[in-house]
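We name chains A, B, ... by the order of the sequence lines, and we start the count at 1 in each one.
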Amino acid sequence: MNDLIKRRYEELGELNKLNFEAYAYDYEVNAYSAHIKNNFDLYENKDVKIAGRIMAIRRMGKASFAHIQDKDGRIQIYLKKDEIGNSYDAFKLMDIGDIIGVDGFVFKTKTGEISVHARSMNLLAKSLRPIPIAKEMIDEEGNKKIYDQFADKELRYRQRYVDLIVNPDVRDVFIKRTSIITALRNYLDENYFVEVETPVLQPLYGGAAARPFVTYHNSLDRTLYLRIADELYLKRLIVGGFDRVYEISKDFRNEGIDKTHNPEFTMLELYAAYKDYNWMMEFVENMINTVSLKVFGKTEFIVEGNIINFKAPWNRLSMVDELKKHLGIDVLQASKEDLQKELKQRGFEMSGTESKGKLIDILFEETIQHTIIQPTFVIDYPVELSPLAKKHRSREGIVERFEGFVLGREICNAFSELNDPIDQRQRFEAQAKLREEGDDEAHQIDEDFLRAIEYGMPPTAGLGIGIDRLVMLLTGQTSIRDVVLFPQMRT
RNA sequence: GGGCGCGUAGCUCAGUGGUAGAGCAUCUGCCUUUUAAGCAGAGGGUCGGUGGUUCGAGACCACCCGCGCUCACCA
């Protein structure tokens with residue numbers, strides 16, 4: 001044990017001798033730092049009870065100043081030996097990191113800082129470990145400078161509780177995250193969507209192209225999969241007569257971890273009966289427009305030096321038309337070999353097992369996708385890539401599907417849902433064939449899902465939005481780890 | 001999984017083969033409106049781990065662990 005920790009255990013004993021309980025049961029808080037500072041005229045000379053963690057101490061013999069941090073920020077407290085007696089001796093044994101309650105009146109110091117002049121002080125929880133304290137200073141231009149900030153990313157993610165204590169910006173991002181999700185929920189609720197919960201443990205996984213986590217149920221004696229998507233269960237509910245459903249929940253994909261991928265991530269999926277993908281495009285742009293106004297009061301964001309505007313309506317681009325325009329290739333007419341040749345010329349390595357749809361997808365990703373900066377719906381995807389989407393009503397070989405892109409990154413995926421059970425069976429069979437050929441991300445045949453839509457599923461529009469990535473964009477974070485409280489780490 | 005980089009005090013970092021350093025934090029003393037409080041003094045290290053090279057390794061070499069960036073796969 002290092003000396004800093006040993007010291008704190010000793011102080012704990014000393015505090016007990018002074019009849020100071022190190023771990024209290026409660027404290028009647030009636031004011032918070034930010035509210036006091038923002039409403040000084042209401043609070044001046046009024047009594048308040050505040051509580052929080054000591055973040056800085058300036059002792060001057062028989063009087064001391066300290067900053068304590070509560071849920072909203074920091075406020076200074078002032079303690080005088082004359083006035084708090086025994087508690088002042090206890091305060092001498094306290095450290096940065098300890099949690100205290102202060103009862104006192106609000107005043108302004110000589111230098112103008114709004115503070116609480118203590119009448120009494122209670123220890124609520126003794127901190128036994130030193131926190132990586134960062135000192136703050138406001139320079140002449142009013143900019144906040146932080147010294148020795150706790151910056152080691154590994155420690156910040158593994159010990160998020162410490163990160164949250166010492167890096168206030170981190171807390172702000174997560175509060176924004178919650179506000180975004182709340183705003184999405186409100187918007188959906190106002191539009192008559194019903195929030196539901198569907199199984200995380202599934203006997204068959206589906207609804208996306210991805211490798212699953214595999215687990216095992218002992219008493220059922222069978223393999224179960226952690227869901228990779230909610231889609232097939234939510235559409236069963238559309239069959240069951242819910243007109244509009246949504247679910248916000250974790251999906252799990254057994255893939256690599258990087259800046260934009262965490263193995264468990266939060267997905268919003270929603271389905272609306274009697275609507276198609278054209279309706280859904282308007283719905284999405286209005287939803288994001290509304291949410292950004294509600295949470296941030298604006299639709300314009302500066303992300304990585306680009307001004308992004310989420311104001312509806314967003315651009316629309318046809319994937320096949322763009323490829324024809326920019327590369328002069330009609331991907332629908334072109335053979336698989338033509339596409340392979342085209343990609344090879346551009347220097348892309350292929351395994352040779354890619355389907356034609358996949359080749360079109362690669363071509364699009366490599367040539368056009370990264371040029372899309374402003375929020376844009378890319379429409380009309382090849383049928384091979386979209387086994388759950390309805391065929392385009394007038395164009396051969398493509399489906400009624402769109403993905404939303406911002407800054408070259410996908411933020412949502414949607415389609416007119418395939419409700420023809422005969423077509424759906426054929427699509428599943430095509431996927432099964434790909435699977436046999438070694439594509440371990442190809443869709444499994446879900447007989448019960450087929451059975452469900454054989455009862456009849458109304459025409460339906462469906463949408464999935466990766467919440468983590470949406471939060472990244474709106475809060476300006478460049479790593480998914482900075483919008484997930486406890487990101488996956490090697491153990 | 002591949003490539004590049006990093007790991008030294010609680011935190012942030014110096015230290016290019018010869019006694020392990022700084023600032024903040026901690027401790028002692030002084031200080032009753034300070035604010036990166038101040039002044040004077042003190043303590044604190046398995047230099048990520050294991051081997052190796054060397055008279056001598058924090059530094060050089062090998063392997064391992066962890067993290068970051070990046071490429072591949074995916075949302």
Side-chain angles (χ1 to χ4, degrees), chain A residues 1-8 10-11 55-67 74 76-84 88 92-93 95-97 107-113 115 117 127-139 144-158 162 166-167 207-211 228-229 251-269 348-351 358 361-362 365 403-405 409-413 439-441 464-470 472 478-481 487 489-491:
Chain A
M1 197 182 340
N2 77 42
D3 287 350
L4 297 174
I5 294 176
K6 201 188 280 173
R7 180 73 215 166
R8 287 177 178 226
E10 286 164 11
E11 285 166 348
M55 298 303 285
I57 302 177
R58 291 175 292 282
R59 297 182 216 270
M60 297 165 300
K62 297 183 182 65
S64 296
F65 286 93
H67 273 104
R74 293 182 185 186
Q76 182 169 259
I77 58 167
Y78 178 53
L79 306 160
K80 266 168 105 167
K81 186 173 169 66
D82 292 355
E83 293 169 356
I84 62 170
Y88 198 80
K92 286 185 187 164
L93 296 165
D95 294 294
I96 289 172
F107 77 112
K108 213 178 246 184
T109 63
K110 264 186 198 167
T111 50
E113 178 159 353
S115 310
H117 189 130
S127 171
L128 294 174
R129 289 178 182 273
I131 63 173
I133 189 65
K135 290 212 161 197
E136 288 178 17
M137 179 194 168
I138 314 287
D139 67 16
K144 193 190 275 183
K145 280 178 80 176
I146 299 175
Y147 296 81
D148 301 337
Q149 185 158 29
F150 181 55
D152 184 303
K153 288 209 165 161
E154 175 172 7
L155 288 175
R156 286 186 48 219
Y157 297 141
R158 286 189 193 275
V162 177
V166 302
N167 292 322
R211 295 206 309 262
I228 58 172
D251 286 349
F252 307 84
R253 297 189 187 173
N254 210 337
E255 308 282 355
I257 298 172
D258 64 25
K259 260 165 91 165
T260 56
H261 296 84
N262 195 55
E264 55 179 295
F265 61 102
T266 302
M267 182 74 118
L268 161 63
E269 285 196 34
F348 297 112
E349 297 285 323
M350 285 161 292
S351 66
K358 185 74 198 166
D361 196 41
I362 295 171
E365 272 176 26
E403 291 192 343
F405 288 95
R409 296 174 211 149
E410 184 192 331
I411 58 158
C412 69
N413 182 20
D439 181 353
D440 58 0
E441 290 185 353
I465 296 185
I467 296 295
D468 312 280
R469 290 184 181 178
L470 179 66
M472 283 170 66
T478 53
S479 170
I480 196 168
R481 290 196 179 97
M489 304 288 277
R490 222 173 277 260
T491 48

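Listed by chain and number, the residues in a salt bridge (Lys or Arg N to Asp or Glu O under 4.0 Å) with A/Glu264 are A/Lys250 (sequence neighbours excluded). Legend: residues meeting ring pair (Phe, Tyr, Trp, His ring centres under 6.0 Å) with A/His117, ordered by chain and number and at least two apart, are A/Tyr78, A/Phe105, A/Phe107. In this structure A/Arg156 satisfies the side-chain hydrogen bond (donor to acceptor under 3.5 Å, both in side chains) test together with A/Asp163, sequence neighbours excluded. Residues that satisfy the salt bridge (Lys or Arg N to Asp or Glu O under 4.0 Å) test with A/Arg211, not counting sequence neighbours, are absent from this structure. For A/Arg8, the salt bridge (Lys or Arg N to Asp or Glu O under 4.0 Å) test picks out A/Asp95, with sequence neighbours left out. Listed by chain and number, the residues in a side chain to side chain contact (heavy atoms under 4.5 Å, CB included) with A/Arg129 are A/Ile5 (sequence neighbours excluded). Under the side-chain hydrogen bond (donor to acceptor under 3.5 Å, both in side chains) criterion, A/Asn413 pairs with A/Arg401, not counting sequence neighbours. Under the side chain to side chain contact (heavy atoms under 4.5 Å, CB included) criterion, A/Lys81 pairs with A/Lys62, A/Tyr88, A/Asp89, not counting sequence neighbours. Remark: A/Glu154 engages A/Arg158 in a salt bridge (Lys or Arg N to Asp or Glu O under 4.0 Å) (not counting sequence neighbours).
A/Lys259 comes within 4.0 angstrom of the backbone, heavy atoms only, and of no base. Residue A/Phe107 is in base contact, counting any heavy-atom pair closer than 4.0 Å across all strands shown.
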Please list, for nucleotides 7-14 of chain B, all pairs of protein and nucleotide N/O atoms separated by less than 3.5 Å.
unit_1 : atom_1 : unit_2   : atom_2 : d
B/C11  : O2'    : A/Asp148 : O      : 3.0
B/U12  : OP1    : A/Ala151 : N      : 3.2
B/U12  : OP1    : A/Asp152 : N      : 3.1

Mind listing the N/O atom pairs, protein and nucleotides 27-29 of chain B, below 3.5 Å?
unit_1 : atom_1 : unit_2  : atom_2 : d
B/C27  : OP1    : A/Glu11 : OE2    : 3.1

Watson-Crick or G-U pairs under 3.5 Å in RNA chain B, rendered as dot-bracket with [ ] for crossing pairs and | for another strand: (((((((..((((....[..)))).(((((.......))))).....(((((..]....))))))))))))....

